[in-house]
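Read through the structure below, which is laid out as structure tokens, and then see the notes.
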Amino acid sequence: MTEEHKPLNFLEQIVEQDLAQDYSREDLRFRFPPEPNGYLHIGHCKAICISFGLGEKYGAPVNLRFDDTNPAKEEQEYVDAIKEDVSWLGYEWDKVCFSSDYFQQLYDWTIQLIKNGKAYVDSQSSEAMAEQKGTPTEPGVAGPYRDRSVEENLDLFERMKAGEFEAGEHVLRAKIDMQHVNMLMRDPLMYRVLHKSHHRTGDNWCIYPMYDWTHGESDYIEQISHSLCSLEFKPHRELYDWFLDQVYSGEDLRPKQREFARLNLNYTIMSKRKLLTLVEKGVVSGWDDPRMPTISGLRRRGYTPASIRNFIDAVGVAKRENVIDVALLEFHIREDLNKIAPRVMAVLDPVKLVITNYPEGKEEWLDAENNPEDESAGERQVPFSRELYIEREDFKENAGSKYFRLTTGKEVRLKNAYIIEGGEAIKDENGNITEIHCTYDPDSKSGSGTEASKSNVKGTLHWVSIPHAIPAEVRLYDRLFSDENPDGHKDKDFMEFVNPNSLQKITGYLEPSLKTAGVGDVFQFQRKGYFNVDKDSTPTKLVFNRTVGLRDSWAKIKPKPQQNKPQQKPQQQQQASPLSVINKLGKKLANLPDEKRINTLSDIHNHAVKLTEEEVKGFFNTSAKKIGTRLAGMESLYAFAKANSKEISSIEGAEEFVQKAREDSNELLQEAARKF
RNA sequence: UGGCCUAUGGUGUAACUGGCAACACGUCGGUUUUUGGUACCGAAGAGUCUAGGUUCGAGCCCUAGUGGGCCAACCA
């Protein structure tokens, strides 16, 4: 039998390679290094799963290290929250570390660097230094303090440490190369003076090391073999290595930094700073608001650790920019909850249903399965009576044949109960239905085994007995932002895209078994979705969050009330030539869903008017296989001819091009050609 | 007028390191079903950004171009 090859992501490949060369398994050690200045979000989950996942895979220790070098922004609250989130995800760290524990070692190394002429005290303003630093395209120049003597540097640095200077008066810089192509190598700052109390070291220090001079050295102290971070740190790697060169003993393990692409989710933002803004402005109730992409928000929303880890696993690890569809996250929470969530009945938008032939005052307790996916979940009993609530949308007076729910004269099953036939709808003076009458078939009781109970009715409704129902607050969530990429507009602030309807609080009516539900318990409200008990819940007032709705294929086919979506046109690229834009759009044109294709077509038209005749002609010999490009060519020709009021007969080759499209088997092409 | 990273179905990731592009989500059909859920079956959808080159053979290697991202905080 041939070995089954399980594909490894590129980081795993690096580790495997190292293992095959000069690393032994015992050398492996990883770390997750959050700055305690905010709550962890779904993006961090990727970083956590990568490093802790590698630890699990290779049986290697993983440190949880707080990168706490900036006392201005960091707080104990965040440290606690981060620990809770990481362990909630199901990971165990080897050691909890703090960069601030290494301040003394860092300081001692710094003295060595100064003595070796590798660092100096600069005494200019930050503006002056920024100016000397140059730009990515222009080299920097040396500042006036660059060549201070070792003695002077030592003295000044001692006095910085002793608190003799105000913040900003002096900084310590590494002496590398002001002309370096990598801006980070142009004498980067190592220390600044900050008269701030630190959450762990208190007032012991008034000089604080910068990220670059802390991170790699912390990795080295902890003997981290692979220091994994996101792509924006790629340019830092050179500096990471330079700093390591200065302190590396040559005898022990030398850490290496490798970078992966961070996770992006559509319809959300991943910036801690911006998430903090949402919290501070009161747009959400806190870091753990169920609409937040934070781990604590997802937890409160009802997401499980398994669902998040599976999601991260599905997303994969690579080095290109990516935007993950939130639908994938939703798939994974449904997948997990489907297996474990007990099914219950709850009516969220009630209308009264009266069973006219059911005896008044009678009540029955009927058996109900707790989870069809899990036999061991057992059964419970639900009360049935003459007056029930059903969902308002489950009744329609005049319904088409595709409507399987209650309608006058048609039969439908009440879940776990009887088959009923729809009757009269009672309305108020405004024509709103206040009550629906129906009759039931006493022989059709679920599970009774009678012929009638086995009848094959198409629809099954959930319901709740009015006298037994318990009201509860139900919080329905929609996406927090109405835009796919709220953070991606140069001219608009992400706050403009906050969805005003992201939270809807309603009163739902629950079957009485829910009375004893406790905070965090998860349920499937049958036919409605997955819900959990929010922490705001009390014994006298239950509060539920909708984690996610069920997949709803009826929603796709049912006649929609009316859609007045503000048709958002995709951002057009300013710099690219019209032709290259059209080419790019065209490539995928034939495969786009209708709505998106129509938008794309109008985009192509807009660009096509800017084309030259020669460019348009370029489309005429597109290979037959490339339907999308031909389509784009067709549309471009159309828009071009129209804009320049030209007959296509006057454009060489155009008629032939159109004719070929008419004869093509592709409908889209035929349709496009018909316009001429 | 720089450097680095990157480019594979609608989305994300693969392709055992050069051997005729796979998996998941999504989409569309069907079967089962006391959840229009789940499960199961099936289909459509890319010929791998472009142009050259190396090779018997390139999504993988090389060169150039193009698109996208990152780099000028006393943030991390």
Side-chain angles (χ1 to χ4, degrees), chain A residues 2-9 13 33-35 37 67 69-70 72-73 126 129-131 133-140 167-168 171 180-184 186 189 191-194 208 210-212 214-215 229 231-238 259 261 266 272-273 314-325 327-328 330-332 334-335 338-339 343 345 369 372-373 402 404-405 413-417 419 446-447 453-454 456-462 524 526-529 550-558 573 575-577 580-581 583-584 587-588 590-593 596 625:
Chain A
T2 52
E3 280 276 313
E4 190 65 21
H5 177 83
K6 194 188 177 274
L8 302 174
N9 69 48
Q13 288 178 28
E35 181 189 9
N37 68 341
D67 222 338
T69 58
N70 187 354
K73 299 195 296 185
S126 56
M129 284 188 280
E131 198 161 322
K133 209 157 193 172
T135 71
T137 52
E138 300 158 38
V171 294
H180 205 287
V181 283
N182 184 347
M183 298 271 311
L184 290 159
R186 323 238 259 233
L189 260 63
Y191 278 96
R192 75 283 213 193
V193 173
L194 242 34
Y208 289 93
M210 302 290 290
Y211 166 83
D212 288 296
T214 307
H215 202 95
C229 59
L231 233 36
E232 64 267 32
F233 289 96
K234 178 68 215 285
H236 292 252
R237 187 150 113 194
E238 199 169 13
E259 311 82 11
N266 59 8
K272 269 199 247 181
R273 207 195 83 235
V315 156
V317 183
K319 288 170 85 166
R320 59 176 151 163
E321 295 296 317
N322 58 79
V323 183
I324 312 293
D325 195 331
L328 187 63
E330 292 179 347
F331 166 80
H332 284 283
R334 286 193 190 104
E335 182 192 44
N338 176 51
K339 294 181 297 196
R343 317 289 137 124
M345 293 197 284
E369 209 179 3
E373 305 295 316
K402 280 198 281 189
F404 306 156
R405 306 176 182 187
R413 187 189 304 276
L414 292 177
K415 179 86 183 166
N416 304 316
I419 292 174
S446 287
S453 73
K454 291 182 196 157
N456 237 340
V457 292
K458 194 85 169 138
T460 301
L461 308 187
H462 64 280
Q524 185 196 94
Q526 275 181 122
R527 304 209 301 134
K528 294 271 90 179
L550 256 26
R551 269 188 78 213
D552 187 358
S553 44
W554 167 240
K556 288 180 198 161
I557 49 176
K558 75 176 162 194
Q573 290 128 5
Q575 287 131 319
S577 75
S580 69
V581 172
N583 268 322
K584 194 170 182 186
K587 221 174 182 66
K588 294 165 180 172
N591 316 318
L592 291 175
K596 220 166 175 176
K625 259 199 304 199

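Keep in mind that this is a model prediction, so the values were computed, not measured. Order of the sequence lines fixes the chain letters, A, B, ..., with proteins taken first and strands second; residue numbering starts at 1 for each chain.
From A:Glu369, atom CD reaches atom CZ of A:Arg343 across 9.0 Å, with rounding to the nearest 0.5 Å.
The same atom, P, is picked in B:C4 and in B:U63; the two are 11 Å apart, to the nearest Å. As rounded to the nearest Å, B:A14 and B:G59 have C1' atoms that lie 12 Å from one another. Across B:U48 and B:A7, the matching C1' atoms stand 10 Å from one another, rounded to whole Å. Nucleotides B:U32 and B:C25 have their P atoms positioned 23 Å apart, rounded to a whole Å. B:U13 and B:A21: their C1' atoms are spaced 13 Å apart (whole Å).
Against the 90° criterion about 0, the sugar-base torsion of B:G10 places it in the anti range.
In this structure, the nucleotide among B:G36, B:U6, B:A76 sitting nearest to the side chain of A:Arg527 is B:G36.
Using a 4.0 Å heavy-atom cutoff across all strands shown, A:Lys528 reaches no nucleic acid atom at all. Looking at heavy-atom distances under 4.0 Å, A:Glu321 makes contact with sugar-phosphate atoms alone, never a base.
Note on A:Lys319: every side-chain N or O is 4.0 Å or more away from OP1 and OP2 of B:G69. At B:U33, none of the side-chain N or O atoms of A:Lys458 fall inside 4.0 Å of OP1 or OP2 (strictly under the cut-off).
A side-chain donor-acceptor contact under 3.5 Å links A:Arg186 to the backbone of A:His180.
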Checklist outcome for this item: For nucleotides 58-65 of chain B, 5' to 3', base contacts (B), sugar-phosphate-only contacts (S) and non-contacts (-) with protein non-hydrogen atoms under 4.0 Å give --------
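On a pure distance criterion of 3.5 Å, a polar donor-acceptor pair joins the side chain of A:His236 and the base of B:A76. Counting atom types as modelled, A:Gln524 pairs a side-chain N or O with a base atom of B:U35 as donor and acceptor under 3.5 Å. A:Arg405 contributes a side-chain N or O that forms a donor-acceptor pair with the base of B:G36 under 3.5 Å. Taking only distance into account, the side chain of A:Glu330 never meets the base of B:G26 through a donor-acceptor pair shorter than 3.5 Å.
Mapping A:Ala327 and A:Val171 onto RNA chain B by nearest heavy atom places A:Ala327 at the nucleotide closer to the 5' end.
Classification of the A:Tyr211-A:Phe233 ring pair by plane angle, with boundaries at 30° and 60°, yields tilted.
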Item to check | Nucleotide-level pairing of RNA chain B, given in dot-bracket where Watson-Crick and G-U pairs need both distances under 3.5 Å and | marks other strands | outcome: .((((((..((((.....[..)))).(((((.......))))).....(((((..]....))))))))))).....
